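Computed from a predicted structure; not experimentally measured.
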Amino acid sequence: MLAGLCAASMPPEERSTPESMDELASLVETFGGKASALVLVNSKAPEARSFIGSGKIKEIKELTETEQCRMVVFDNELSPSQMRVLTEELGVKVLDRSGLILDIFAQRAKTKEGRLQVELARYRYLLPRLVGMWTHLAGQTASGAASPVGTRGPGETQLEADKRHIRRKIRKLEKELEEVRRIRKVQRKMREKNSVPVAALVGYTNAGKSTLLNRLTGAGVTANDRLFDTLDTTTRKIRVSGIHELLISDTVGFIRKLPAHLTESFKATLEELCFADVLLHVVDISNPDKDEHISVTRELIFRLGAGETPCITVFNKCDLYSGELPPRGADTVCISAGTGEGVDELVMKIAEILADRKSG
């Protein structure tokens, strides 16, 4: 069961829309589930206790029972107390968009680095939610009354112990990822010493980055038509114009409402963008939401500090494009990574940028 809230008081990027709900359905499918029903709630503001209000809870509960749903997934981020209230009221497991994305990442990460990054993101997601999880114990006393000032109930003691444990885990994971970043730094220095330029593939999830990497390098990376198919960075070598040796790195796909703790946790991977000589921003030209996908990706590129890096916008899946004229420009190319159409033109543009940077 999918649920989303579009409230006038919410920032536009946090509101649920038909497009974001479609994407949520794809995320559920990616995780291995199936969306049976959908409710998009419109209101002035989120309800503090239950996020959507008692009337909508009743409607969703009835739909959940009718459709025999075992889980309700919200398109918005829920507070721990809201998640607890909704779980109790609906009688099924409740997950928000961030939690679902984290579960997908945990399912997909294959390398040690990927698993470390996902684990760190999960703990960062969990830490601020511990208070809500322990609310039912926080004020307990032997008599069942509220805890007097200066005393501690068992819930508070357990909460503090859990917080300390999670903070220790976060510090340990940060230390291990710092070692990953140190090794990457050494590798970058070796590349710079050997004058090996780097191109980084970036873009919205499922835009075709892995397919393009395979087309350019014969990397043999698994490329499926599903969200977040690539979490672990893959780097391969090609030759450009018979002269330049070029390294191409594939990166994790971006998505709207990407949780900040995920971006932070994947810095060891995403910082490759900041050190690349050229970015290849891959866009699925056949997707009706491509303009928003471009906007989301560009915003994240700037947030990661790679806004000044030369960038080629690569409109992929041109063989599926039904528009009149495909976009053109000095730093724009239309290709089909699947058929190979336009890929030679892309390689020429990469060579031009590398030549300009070398001469500059």
Side-chain angles (χ1 to χ4, degrees), residues 1-28 31 33 35-67 69-105 121-139 155 159 227 254-264 289 292 295-296 299-300 303:
M1 172 81 198
L2 307 184
L5 176 66
C6 180
S9 66
M10 297 168 73
E13 66 275 9
E14 293 180 13
R15 298 173 192 169
S16 291
T17 63
E19 292 76 24
S20 71
M21 295 297 285
D22 285 345
E23 191 170 80
L24 185 66
S26 296
L27 286 168
V28 168
F31 188 60
S36 299
L38 181 154
V39 172
L40 181 54
V41 182
N42 290 287
S43 70
K44 291 181 180 178
E47 204 271 330
R49 178 177 175 273
S50 65
F51 193 64
I52 54 173
S54 57
K56 286 298 176 183
I57 286 179
K58 185 179 178 183
E59 180 186 333
I60 290 173
K61 185 175 176 65
E62 288 173 357
L63 264 172
T64 301
E65 291 171 352
T66 302
E67 297 293 334
C69 298
R70 291 180 293 174
M71 182 186 295
V72 176
V73 184
F74 277 78
D75 187 44
N76 320 86
E77 190 151 334
L78 301 171
S79 72
S81 59
Q82 288 168 343
M83 197 175 291
R84 193 185 69 255
V85 167
L86 287 164
T87 301
E88 290 171 357
E89 296 278 350
L90 296 171
V92 294
K93 184 177 179 181
V94 173
L95 203 60
D96 63 9
R97 187 183 180 97
S98 293
L100 177 62
I101 291 173
L102 274 172
D103 283 349
I104 292 169
F105 273 40
R122 288 176 77 95
Y123 279 121
R124 282 177 170 160
Y125 174 78
L126 183 61
L127 186 59
R129 285 164 170 75
L130 282 178
V131 176
M133 292 173 184
W134 281 103
T135 299
H136 64 295
L137 286 176
L159 173 63
L227 305 183
F254 297 147
I255 197 168
R256 73 189 95 192
K257 303 182 188 178
L258 188 67
H261 48 266
L262 264 181
T263 308
E264 183 65 27
D289 298 324
E292 185 181 356
S295 177
V296 168
E299 183 187 334
L300 283 164
R303 196 198 302 175

Could you tell me if the side chain of Val72 sits less than 4.5 Å from the side chain of Leu2, heavy atoms only? no
Could you tell me whether a side-chain N or O of Asp96 sits under 3.5 Å from a main-chain N or O of Gly99, the two making a donor and an acceptor? yes
What residues form a side chain to side chain contact (heavy atoms under 4.5 Å, CB included) with Glu13, not counting sequence neighbours? Pro11
Donor-acceptor pair, Ser16 side chain versus Gly4 backbone, under 3.5 Å? no
Taking every heavy atom of Val92 against every heavy atom of Cys69, the minimum-distance pair comes out as CG1-O, 3.7 Å
Are any side-chain N or O atoms of Asn76 and backbone N or O atoms of Glu14, one a donor and one an acceptor, separated by less than 3.5 Å? yes
Distance, nearest 0.5 Å, that separates CD1 of Ile52 from CD of Glu89: 10.0 Å
Would you call Met71 and Leu95 a side-chain contact if the rule is heavy atoms closer than 4.5 Å? yes
Check the side chains of Ser295 and Glu292 for a donor-acceptor pair under 3.5 angstrom, ignoring hydrogens and angles. no
Side-chain touch Leu100/Leu24, heavy atoms, less than 4.5 angstrom: yes
Find out whether Pro46 and Met10 are in side-chain contact, i.e. whether some heavy atom of one side chain is under 4.5 Å from a heavy atom of the other. yes
Could you grab the distance from atom OG of Ser81 to atom CG of Leu86, nearest 0.5 Å is fine? 9.5 Å
How far does CD of Glu65 sit from CD1 of Ile60, to the nearest 0.5 angstrom? 12.5 Å
Arg97 side chain vs Phe74 backbone, donor-acceptor pair below 3.5 Å: no
